[in-house]
Every structure is written in C-alpha cells, then in structure tokens.
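The structure appears right after this line, and notes come after that.
None of the values given here were measured: they were computed from a predicted structure.
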Amino acid sequence: MKKNLYLIALVPPQDICDEIRQMKEFIRQNFKAAHALKLPAHITVQQPFFVDELDESILLKSLHEVSLKTLPFFVRLKNFNWFPPRVIFVAVENKKPIAEFHQKLQWLLPDQLFQNPVQRQGSIHPHVTLATRDLDAENFFLAKEYFQNQHYEAVFEVKNFTLFKHDGKNWKVLKTYPLI
C-alpha cells in the first residue's frame with residue numbers, strides 16, 4: 001500500500017512570511033544554503049510522518065476535530081538561534097502554547113495514522129528555520145556570527161494550522177484548518 005508523507009505546521013501571516021523569506025534569500029546569497037526556501041516560513045508542530053494513502057481521509061477528519069477543539073493563540077518570534085552544525089532559525093519566545101497545541105495533536109490523532117512510534121514525537125522545539133541541510137560547517141559559523149548580532153521580533157495570532165503533503169519533490173499545502 002502506498003504511503004504519503006505529511007507535515008503539520010503553523011504558518012505565520014503573509015507579511016511575516018515575506019520577512020522570513022528575505023532572510024532565507026540573504027542566507028542563500030551570502031552563505032550558499034537554499035534548502036529552507038522549499039517551504040514557506042512555518043513552525044513544525046508535527047514532524048513529517050507517513051500515512052497509508054487509504055487513511056488520508058481519517059487524517060483529514062481527525063485534524064478537523066483538532067481545529068474544533070483549539071482556540072487561537074499568540075506566538076512571539078524573537079531573535080535567532082541555531083542547532084549546530086547546520087541549522088539557523090528564528091527563535092520562538094513563548095513556546096508553551098505551541099507545545100500545548102502539539103500535545104493536543106498527539107492526543108487527538110489516532111494511533112493507526114502513525115506507522116512508526118518515533119513519528120509520534122513526545123516534545124518539540126518550536127522555531128522557524130532559515131537554513132538547514134545544505135548549510136556547510138564553514139558557512140554555518142559565518143551565518144551564526146552574523147545572526148547573533150541581528151535583532152528580529154514579530155508577534156502574530158495563530159488562527160489556523162496547515163497540513164502539508166509531500167509530492168515526491170516538494171511540500172504542498174493540502175489543507176488549512178481554522179481554529180475556532
């Protein structure tokens with residue numbers, strides 16, 4: 001049976017996505033890392049996971065139930081941080097509401113959707129990735145040095161969450177769920 005790859009994320013409003021895209025472009029031009037440009041700015045709330053093609057309708061219905069049981073909340077992005085040796089990101093200052101949303105997903109998504117227990121992640125480190133995978137060690141340290149001296153701040157209300165589906169080459173928005 002065919003399995004599809006999915007990712008659940010919080011996508012900031014367009015103005016913040018545009019600002020973050022400019023940062024990703026700056027990294028591409030100055031530090032030769034473009035992989036993070038494959039997705040819009042987002043905060044992952046469920047790492048990529050495989051679901052049997054026939055169970056996609058269960059996933060969609062389950063996420064609809066999550067949306068009905070979640071109120072909007074605010075996220076504050078502030079400055080930059082990194083996961084050596086490849087990842088530079090915009091830091092999330094108030095992680096608690098995102099962790100609570102992640103926990104709600106863990107409780108409400110049926111076990112049958114997760115082919116591998118590791119995919120049912122116990123905790124998350126909310127952030128917005130600016131560079132990953134293709135950022136080599138030398139450019140990582142140069143980018144880190146640059147971003148540790150920069151300031152960025154943004155606040156937004158999370159009014160929805162997004163289910164992305166991988167088409168074999170790229171992530172595509174499958175559905176966006178409003179928070180009630």
Between [X] and [Y], is any pair of side-chain heavy atoms under 4.5 Å apart?
| X | Y | result |
| --- | --- | --- |
| Pro110 | Ile58 | yes |
| Leu105 | Ile8 | yes |
| Glu53 | Lys3 | no |
| Thr176 | Val11 | no |
| Leu59 | Leu109 | yes |
| Thr162 | Leu7 | no |

Working to the nearest 0.5 angstrom, can you tell me the gap between [X] [atom1] and [Y] [atom2]?
| X | Y | atom1 | atom2 | result |
| --- | --- | --- | --- | --- |
| Ile88 | Leu130 | CD1 | CG | 8.0 Å |
| Ser67 | Ile180 | OG | CD1 | 5.5 Å |
| Leu5 | Asp167 | CG | CG | 10.5 Å |
| Leu179 | Glu157 | CG | CD | 9.0 Å |
| Thr132 | Ile27 | OG1 | CD1 | 10.5 Å |
| Leu174 | Leu60 | CG | CG | 5.5 Å |

- For Lys61, all residues meeting side chain to side chain contact (heavy atoms under 4.5 Å, CB included), sequence neighbours excluded: none
- Item | salt bridge (charged side-chain N to carboxylate O under 4.0 Å, His left out): pairs with one or both residues in residues 26-48, sequence neighbours excluded | Glu25-Arg28
- Message: Tell me which pairs pass salt bridge (charged side-chain N to carboxylate O under 4.0 Å, His left out) where either residue lies in residues 169-180, with sequence neighbours left out.
- Response: none
- Message: For His125 and Lys95: C-alpha separation, side-chain torsions, deciding distance, then whether side chain to side chain contact (heavy atoms under 4.5 Å, CB included) applies.
- Response: CA-CA 8 Å; His125 186 284; Lys95 296 174 176 73; 4.2 Å; yes
- Shortest non-hydrogen separation from Ser57 to Leu54 and the atoms involved: OG-O, 4.2 Å
- Which pair of heavy atoms, one from Ala131 and one from Ala33, lies closest together, and at what distance? CB-CB, 4.4 Å
Distance-only donor-acceptor pairs under 3.5 Å for side chains of residues 133-141, two or more places apart:
residue: Asp134; atom: OD1; partner: His35; partner atom: N; Å: 3.3
residue: Asp134; atom: OD2; partner: Ala34; partner atom: N; Å: 2.7
residue: Asp134; atom: OD2; partner: His35; partner atom: N; Å: 3.0
residue: Asp136; atom: OD1; partner: Glu138; partner atom: N; Å: 3.3
residue: Asp136; atom: OD1; partner: Asn139; partner atom: N; Å: 2.7
residue: Asp136; atom: OD1; partner: Asn139; partner atom: ND2; Å: 3.3
residue: Asn139; atom: ND2; partner: Phe31; partner atom: O; Å: 3.3

- Hey, what's the ring geometry for His127 with Phe89, parallel, tilted or perpendicular (30° and 60° as the breaks)? tilted
- Going by the angle between their ring planes, with limits at 30° and 60°, are Trp171 and His166 parallel, tilted or perpendicular? perpendicular
Without placing hydrogens or testing angles, list every side-chain donor-acceptor pair under 3.5 Å for residues 68-80, not counting sequence neighbours.
residue: Thr70; atom: OG1; partner: Val66; partner atom: O; Å: 2.8
residue: Arg76; atom: NE; partner: Glu93; partner atom: OE1; Å: 2.7
residue: Arg76; atom: NE; partner: Glu153; partner atom: OE2; Å: 3.4
residue: Arg76; atom: NH2; partner: Glu153; partner atom: OE2; Å: 2.0
residue: Asn79; atom: OD1; partner: His151; partner atom: ND1; Å: 2.9
residue: Asn79; atom: OD1; partner: Tyr152; partner atom: N; Å: 3.0

- Message: Before you tell me yes or no, could you show the steps for Asn4 and Val51 under side chain to side chain contact (heavy atoms under 4.5 Å, CB included), namely the whole-Å CA-CA distance, both residues' side-chain angles and the distance that decides it to 0.1 Å?
- Response: CA-CA 5 Å; Asn4 292 316; Val51 172; 5.8 Å; no
Using the rule that Ile, Leu, Val, Met, Phe, Trp and Tyr join whenever any side-chain heavy atoms are under 4.5 Å apart, tell me whether [X] and [Y] fall into a single cluster.
| X | Y | value |
| --- | --- | --- |
| Leu63 | Val158 | yes |
| Leu108 | Phe49 | yes |
| Leu39 | Val173 | yes |

- Task: Walk me through it: do Trp82 and Gln148 pass the test side chain to side chain contact (heavy atoms under 4.5 Å, CB included)?
- Result: CA-CA 9 Å; Trp82 34 86; Gln148 70 188 5; 3.5 Å; yes
- Query: How would you list, by chain and number, every residue that makes a side chain to side chain donor-acceptor pair (under 3.5 Å) with Asp18, sequence neighbours excluded?
  - Reply: Gln14
- Using the test salt bridge (charged side-chain N to carboxylate O under 4.0 Å, His left out), find all partners of Glu65 that sit at least two apart in sequence or belong to another chain. none
- Message: Which residues pass the salt bridge (charged side-chain N to carboxylate O under 4.0 Å, His left out) test with Lys165, not counting sequence neighbours?
- Response: Glu56
- Those residues at least two apart in sequence (or on a different chain) that pass ring-ring contact (aromatic ring centres under 6.0 Å, His included) with Phe156 are none
- Sequence-distant partners of Phe161, ring-ring contact (aromatic ring centres under 6.0 Å, His included), two or more places apart: Phe101, Tyr177
- Counting N and O atoms only, with roles assigned by atom type, does the side chain of His42 sit under 3.5 Å from a partner on the main chain of Pro40, one being a donor and the other an acceptor? yes
